[in-house]
Amino acid sequence: MSLIVAKFGGTSVADYSAMSRCADIIIANPNTRVIVVSASSGVTNLLVELTQEQTTDERRKQLIKQIAHIQYQILDDLGRPQEVAARLDSVLSRIAILSESLSSNRCKATMDELLAQGEQCSSALFAAVLREKGETASAFDVRQVMRTDSHFGRAEPQIETIAKLANEQLFPLLSSQRIVTQGFIGADETGSTTTLGRGGSDYSAALLAEALKATAVEIWTDVAGIYTTDPRLAPNASPIAEISFNEAAEMATFGAKVLHPATILPAVRQKIQVFVGSSREPERGGTWIRHQVEEAPVYRAVAVRRDQTLLNLHSLQMLHAQGFLAETFATLARHKISVDLITTSEVNVSLTLDKTGSDSAGNGLLSEALLQELSQHCRVRVEDNLALVAIVGNKIASTPGVCRRVFEVLEPHNVRMICQGASPHNLCVLVAESEAAQVVSALHENLFEA
């Protein structure tokens, strides 16, 4: 069976009409057997606020009422089928219980279970929309197969176990029906609910595609594919019909919000092609991400990632010595911090971190405990309000003239960091966040529109 896994984001399942459009996309392709959905647009943010310590009892009631309104509006448009209404009632009751529990016990496992409830609602509703259109479809609890570790808020998937469970429990269902399941969530070996971090629904879809050996993953969102840059920053940005896995990985990592960075990893492992398109306008096509592409231009896109943190570490212990970097990275590893970019001198090392590593509740990376531990062997300085701009393409490190064209544009701006050479697919610069839009627009004009 040629199997396709399709993922629909929050805006694609925001209301009944959006779900109906997505159902039509699914019905048009009989090979789309697994459908992964996010929570309806806005629901996860409301759930995140419910997890916050400062949320008052009165505000808690308002938030639950807002969540109920979003979900019951879809239910009303469906004609209130009894079994779906009962499921929503149960989930909303569970939300109230979990949020009340968090007011007295700040338990991360409870937070993850609370944050998972949005997908429980949207999957039940979306399966009902498919059935309304004559399809045989049912909601499947992904926690039966999406096995993770117990790092609540940012759990790591257990790849081999997911493959085993998916083929035992999920694959046999696909010949007779379409399965709607949840993105973003999983369960550890004890059955406790975990989450994969914000934006993890794309990752969930790719992990299921890998486990089931699918031929393609479709990511349906609110934009028609991947562009040469954000059209809001450069009006002449153009859609990209086809890019390689390497280019897509760079773009996702460095800020292309249409694709979660981790999505590429399972697709690369199994050489599963990925499609990104608009659920609002499927007729416009989109972007295919493939192992091999026909064209590999030097300049493919300009990406920007805001809200960056630069961590500067200074120590004379680095001077003609060994072990400082090993100790630094061991400390970061103990605190589950993944370093993006790094530059070094004899007595300084600078690292960039960003919020994609934050947990599902939006908690930041630089805890006081981490900073104190680093301060024991070096002087630490933290800089915020920065943006990372990346020129993505092919053979950038070995193509003469690239730096000249880029630095001509950057001349009026203060550049805090430059990284080039580690990958043939990118050249990255760190600038003030207030200047990011201007830098992106000027680079796009120079590299793509000249």
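As the structure is a prediction and not an experimental result, all values here were calculated from the model.
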> E58 versus Q62: any side-chain heavy-atom pair under 4.5 Å?
Replying inline: yes
>> With rounding to the nearest 0.5 angstrom, report the CG to CG distance, L351 to D340.
In response: 9.5 Å
>> For a 4.5 angstrom cut-off between non-hydrogen side-chain atoms, does R300 reach I243?
In response: yes
> So, does T215 use its side chain to make a donor-acceptor pair with the main chain of L3 at under 3.5 Å?
Replying inline: yes
>> Please evaluate residues L196 and R154 with respect to the criterion side chain to side chain contact (heavy atoms under 4.5 Å, CB included), reporting the C-alpha separation (whole Å), side-chain torsions for both, the decisive distance (0.1 Å), and the verdict.
In response: CA-CA 5 Å; L196 303 181; R154 200 161 73 243; over 6 Å; no
> Side-chain contact, heavy-atom cut-off 4.5 Å: Y299 with I391?
Replying inline: yes
> Taking all atoms of both residues into account, what is the closest heavy-atom pair of A28 and P30, and its distance?
Replying inline: O-CD, 3.8 Å
> When H291 is tested against each of Q270, K271, Q273 for side-chain contact (heavy atoms from CB on, under 4.5 Å), which residue passes?
Replying inline: K271
>> As an exercise, state the distance from CG of L98 to OG of S103, rounded to the nearest 0.5 Å.
In response: 11.5 Å
>> Taking atom CD as the centre, does E189 end up with more than 12 heavy-atom neighbours from other residues, nucleotides or ligands that are less than 6.0 angstrom away?
In response: no
Identify all side-chain donor-acceptor contacts of residues 82-92 below 3.5 Å with residues at least two apart in sequence or on another chain.
residue, atom, partner, partner atom, Å
R87, NH2, Q120, OE1, 2.8
D89, OD1, Y72, OH, 2.3

>> Can you tell me how far apart CD1 (I26) and CH2 (W220) are? Round to the nearest 0.5 Å.
In response: 10.0 Å
> Of the non-hydrogen atoms in Q308 and L388, which two are nearest, and what is the gap between them?
Replying inline: CG-N, 3.7 Å
>> For the backbone of A237 and the side chain of T229, can you confirm whether one donor and one acceptor N or O come within less than 3.5 Å of each other?
In response: no
> Taking side chain as C-beta onward, heavy atoms only, is V142 less than 4.5 Å from L208?
Replying inline: yes
> Looking only at heavy atoms, what is the nearest atom pair of C22 and S12, with distance?
Replying inline: SG-O, 3.1 Å
>> Tell me whether Q292 at atom CD has more than 12 heavy atoms from other residues, nucleotides or ligands lying less than 6.0 Å away.
In response: no
>> Could you check whether E433 and N385, counting side-chain N and O atoms only, form a donor-acceptor pair closer than 3.5 Å?
In response: no
>> Apply side chain to side chain contact (heavy atoms under 4.5 Å, CB included) to residues V349 and T343 and explain how you reach the verdict.
In response: CA-CA 6 Å; V349 57; T343 61; over 6 Å; no
>> If we count only N and O atoms by modelled type, under 3.5 Å, do the side chains of T190 and D188 hold a donor and an acceptor together?
In response: yes
>> Before you tell me yes or no, could you show the steps for L233 and H444 under side chain to side chain contact (heavy atoms under 4.5 Å, CB included), namely the whole-Å CA-CA distance, both residues' side-chain angles and the distance that decides it to 0.1 Å?
In response: CA-CA 9 Å; L233 302 180; H444 191 273; over 6 Å; no
> Under 6.0 Å from the CZ atom of R290, do we count more than 12 heavy atoms belonging to anything else shown?
Replying inline: yes
> Just by distance, with hydrogens left out, do T32 and R178 show a side-chain donor and acceptor under 3.5 Å apart?
Replying inline: no
>> With a 4.5 Å cut-off on side-chain heavy atoms, are V392 and V302 touching?
In response: no
> Do we see a donor-acceptor contact under 3.5 Å between the side chains of S244 and E247?
Replying inline: yes
> Is the closest basic N to carboxylate O distance between K164 and E160 below 4.0 Å?
Replying inline: no
>> So does I97 get a backbone contact from the side chain of S101, meaning a donor-acceptor N/O pair under 3.5 Å?
In response: no
> If we ignore angles and hydrogens, is there a donor and acceptor under 3.5 Å between the side chains of R147 and Q158?
Replying inline: no
> Of all heavy-atom pairs between A206 and T263, which one has the smallest distance, and what is that distance?
Replying inline: CB-O, 3.4 Å
> If you measure from NZ on K7 to CZ on F275, what distance do you get to the nearest 0.5 Å?
Replying inline: 14.0 Å
>> I'd like to know if the side chain of E113 reaches the main chain of A109, judged simply by a donor and an acceptor atom lying under 3.5 Å from each other, with no hydrogens or angles considered.
In response: no
> If only atom types and distance count, is the side chain of T181 paired as donor or acceptor with the main-chain N or O of F140 below 3.5 Å?
Replying inline: yes
> Going through the distances and angles, do D57 and R60 end up as a salt bridge (charged side-chain N to carboxylate O under 4.0 Å, His left out)?
Replying inline: CA-CA 5 Å; D57 289 344; R60 188 181 302 116; 2.5 Å; yes
>> With rounding to the nearest 0.5 angstrom, report the OG1 to CD1 distance, T331 to I337.
In response: 11.0 Å
>> Applying side-chain hydrogen bond (donor to acceptor under 3.5 Å, both in side chains), can you list everything that pairs with S20, at least two apart in sequence or on another chain?
In response: K133
> At their closest point, which heavy atom of A248 faces which heavy atom of I264, and how far apart are they?
Replying inline: CB-CD1, 3.8 Å
>> Please give me the minimum heavy-atom distance between T193 and F152, naming the atom from each residue.
In response: O-CE2, 3.3 Å
> Using a distance-only test with no angle check, is there a side-chain donor-acceptor pair under 3.5 angstrom linking Q177 and S138?
Replying inline: yes
> Mind checking whether L170 and L212 have side chains closer than 4.5 Å, heavy atoms only?
Replying inline: yes
> Is there a donor in the side chain of S423 and an acceptor in the side chain of E250, or the other way round, less than 3.5 Å apart?
Replying inline: yes
> Does the side chain of L63 reach to within under 4.5 Å of the side chain of T55, using non-hydrogen atoms?
Replying inline: yes
> Roughly how far, to the nearest 0.5 Å, is CG of L310 from OG of S350?
Replying inline: 5.0 Å
>> Set out, in order, the CA-CA distance, both residues' side-chain angles and the distance that settles side chain to side chain contact (heavy atoms under 4.5 Å, CB included) for L371 and S367, then state yes or no.
In response: CA-CA 6 Å; L371 295 177; S367 66; over 6 Å; no
>> Between T194 and D112, do the side chains contain a donor N or O and an acceptor N or O under 3.5 Å apart?
In response: no
> R143 side chain to A187 main-chain N or O, any donor-acceptor pair under 3.5 Å?
Replying inline: no
>> Tell me every residue that passes side-chain hydrogen bond (donor to acceptor under 3.5 Å, both in side chains) with R269, counting only those two or more places apart in sequence or in another chain.
In response: E210
>> Whether the side chain of H425 engages the backbone of N394 through a donor-acceptor N/O pair (distance < 3.5 Å, no angle test) should be reported.
In response: no
> If you measure only the distance, is there a donor-acceptor pair under 3.5 Å linking the side chains of T309 and D384?
Replying inline: yes
> So do the side chains of S40 and T11 get within less than 4.5 Å of each other, counting heavy atoms only?
Replying inline: no
